[in-house]
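As structure tokens, the structure follows; a few thoughts come after it.
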Amino acid sequence: MNTTVDQADFFKTLEEKSDGGTLRGDYSRCDANYIVQQDWSAYTPEQHALWKKLYQRQAKLVPGRACDMFIDSLAKMDASEEIPRFDRTTEALHKATGWELVAVPGLVPELTFFEHLANRRFPVTVWLREAHEFDYIVEPDVFHDFFGHVPLLFNPVFADYIQQYGQGGLKALKTDGLTHLARLYWYTVEFGLIESPQGLRAYGAGILSSGGEIEYCLTDPAPRRIPLDIERIMRTLYKIDSYQETYFVIRDFEQLFKATAPDFTPIYERLKDQEALPANTLLPGEINLPPNPKMAG
Ligand code: PHE
Ligand code: FE
């Protein structure tokens, strides 16, 4: 299939959006769905070593901070030593929840992203950050995508939620809901917190792949921690270059799945002419859950 036009459009939009106007990945080899081969043998020993360092730092932080489901799946994924081979993970993942991983050069157009999710394909970036970006990268890399997102795809309810999100995205493209839907992704899939009998835990990938925010989000007194409210999330702006000022907390994945099952069209309608709320808003009457006690290490 000829993809030149599509991809030219995609890059043009990016130019308009950002100063540099280019993405870091190599898009020259991808197919019409932005899929590439994960050329695993091309990763260098230094890259595998950097992966291992990232993995070890993060694996040490997850006990008591990530939700149990994440920790259990991560342990089974066998990704601690080197950059994982996506096809091997896909084998296990497909058995567990029917999802597969597809390799992509980096960010992909919204339509493509939603189509993948709606078909239970999770796009994982192939490139790894460089050593000087150990703590922070602007675009998602393989460590964020794989370590942060893939473990929860082994959970059947969460896996269904992500597929529903993809279907909802395809719909939102047609109904002008994209800005609002994107906030839902941000405040759940990327930065969501979940309750546990032992206190708050993280399930959002942006948190779980971050060395600093994983502690900050749970124990720092500064940010707000508000119980899940879909419409409130959709009205709330977010920061992409600092720790979040607000986190939304779910009770469990069933709650998230059920709360997002209804048709969002009326919500998009209502929100159309409403001013968005700053990221640090706490409305009168809203619950702000207390942080967990600080953890050592
Ligand atoms: N119910 C949503 C809609 O009508 C779809 C959706 C489900 C979106 C789950 C996000 C998460 O668009
Ligand atoms: Fe992500």
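Each ligand, and each atom within it, is numbered from 1 in the order the structure gives. Here, residue 1 is the first one in the sequence, and each next residue gets the next number.
- Taking the six-membered ring for Trp, Phe257 and Tyr161 have ring centres at least 6.0 Å apart.
- Within 4.0 Å of ligand 1, heavy atoms belong to protein residues Tyr161, Gln164, Tyr165, Gly168, Lys171, Leu181, Leu184, Thr260, Ala261, Pro262, Asp263, Phe264.
- In terms of heavy-atom proximity, Leu193 sits nearest to Tyr203 at O-CE2, 3.3 Å.
- Shown here are the side chain to side chain contact (heavy atoms under 4.5 Å, CB included) partners of Pro63, two or more places apart in sequence or in another chain: there are none.
- The name of the N, O or S atom in His144 nearest to the Fe ion (ligand 2) is NE2.
- Among the atoms of Glu190, an N, O or S atom is found under 2.8 Å from the Fe ion (ligand 2).
- Every pair passing ring-ring contact (aromatic ring centres under 6.0 Å, His included) that includes a residue from residues 63-113 is listed here, sequence neighbours excluded: Phe70-Phe147, Phe113-Tyr185.
- Residues forming a side chain to side chain contact (heavy atoms under 4.5 Å, CB included) with Leu178 (at least two apart in sequence, or on another chain): Glu110, Phe114, Ala172, Leu173.
- The ring of Tyr27 has its center closer than 6.0 angstrom to the ring center of Phe11.
- When the Fe ion (ligand 2) is compared with the N/O/S atoms of His149, atom NE2 turns out nearest.
- Tyr34 has its ring centre less than 6.0 Å from the ring centre of Phe10.
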